[in-house]
Amino acid sequence: MKKISLIAICASALLLSACASTQAVKPANPSALPTADAPIRFSTTGKIGITTQTDTGAQGGSAFYAWAQEDDRFSIDLTGALGIGATEIRYDGRTATLNSERTGLISADSPEELLLSATGWQAPISQLPYWIVGRSAPSDSTQTYDAQNRLATAVNGAWTANFEYKGTQPNRLRITHTDGHRVVMTITHQ
């Protein structure tokens, strides 16, 4: 159950190989990149894959997701998460909830507390909305940028996010922890 909850909650804020957009994309224009104080609003779909390191070796799983974010509120729907059926993850700015057929309703005061109570894991969940839109999170300690002035890497505690782009927006995040945990997230912006 912990492995399943880990995948479900990480997707809520750790989100990884959806279909790529066939739309033509112009080269990135640094002046069009989001600014640090711009509100975070997006709707995206994709696939999230998680690999965890345990005493018995690596374990992993994946799920498809649909994520809608408006400022600090979000709604994430997961399907195909290790056979647990549909999973809903919500945060209204005050309470985070996870609801699935297998776990029932779990709630906490923050997405990080929800992850910790459901799995015993800590992860940079509040940073994901920034990373999904290609911005450094306020608590990131280190960032690097590519030749088009797009965020290439961001470090937050023991987590490092690496960004791949299609145009100005990330289409894949690879997030790794120093202990070997990995999250790969594909992103198709709507």
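A quick note: this is a predicted structure, and the numbers were derived from the prediction, not measured.
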Backbone N/O of [Y] and side chain of [X]: donor-acceptor pair under 3.5 Å:
| X | Y | answer |
| --- | --- | --- |
| Asp92 | Arg94 | yes |
| Tyr165 | Leu151 | yes |
| Thr144 | Thr153 | yes |

What are the two closest non-hydrogen atoms of [X] and [Y], and how far apart are they?
| X | Y | answer |
| --- | --- | --- |
| Phe42 | Pro129 | CE2-O, 3.7 Å |
| Gln127 | Ser139 | NE2-OG, 2.6 Å |
| Asn156 | Pro124 | OD1-CB, 4.2 Å |
| Ala137 | Trp131 | N-NE1, 4.1 Å |
| Pro111 | Ala96 | N-CB, 3.7 Å |

Hey, are the side chains of [X] and [Y] touching, using non-hydrogen atoms and a 4.5 Å cut-off?
| X | Y | result |
| --- | --- | --- |
| Ile48 | Val183 | yes |
| Leu114 | Tyr91 | no |
| His189 | Pro170 | yes |
| Ile89 | Trp67 | no |
| Ile40 | Tyr130 | yes |
| Gln69 | Thr44 | no |
| Asp77 | Arg90 | yes |
| His181 | Ile50 | no |

With rounding to the nearest 0.5 Å, note down the distance linking [atom1] in [X] to [atom2] in [Y].
| X | Y | atom1 | atom2 | result |
| --- | --- | --- | --- | --- |
| Arg41 | Asp71 | CZ | CG | 4.5 Å |
| Leu115 | Ile125 | CG | CD1 | 4.0 Å |
| Arg135 | Asp140 | CZ | CG | 11.5 Å |
| Glu113 | Thr95 | CD | OG1 | 10.0 Å |
| Gln169 | Thr188 | CD | OG1 | 10.5 Å |
| Phe163 | Ile187 | CZ | CD1 | 8.0 Å |

Open item on the list: Using the salt bridge (charged side-chain N to carboxylate O under 4.0 Å, His left out) criterion, which residues pair with Asp179? Sequence neighbours excluded.
Closed with: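 Here no residue qualifies.
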- [ ] Could you verify whether a donor N or O on one side chain and an acceptor N or O on the other, from Arg182 and Thr176, lie under 3.5 Å apart?
- [x]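 No, because no side-chain N or O of Arg182 sits under 3.5 Å from a partner of the opposite role on Thr176.
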Open item on the list: Taking ring-ring contact (aromatic ring centres under 6.0 Å, His included) as the cut-off, I'd like each qualifying pair that reaches into residues 135-157, sequence neighbours left out, listed once.
Closed with: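 Counting only pairs at least two positions apart or across chains, no ring-ring contact (aromatic ring centres under 6.0 Å, His included) contact touches residues 135-157.
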- [ ] Return the set of residues passing side-chain hydrogen bond (donor to acceptor under 3.5 Å, both in side chains) with Glu112 (not counting sequence neighbours), or none when no residue passes.
- [x]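 Residues passing side-chain hydrogen bond (donor to acceptor under 3.5 Å, both in side chains) with Glu112: Ser126.
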Open item on the list: Membership question, hydrophobic clusters at under 4.5 Å side-chain separation (ILVMFWY): are Val155 and Ile175 in the same one?
Closed with: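 Ile175 and Val155: separate clusters.
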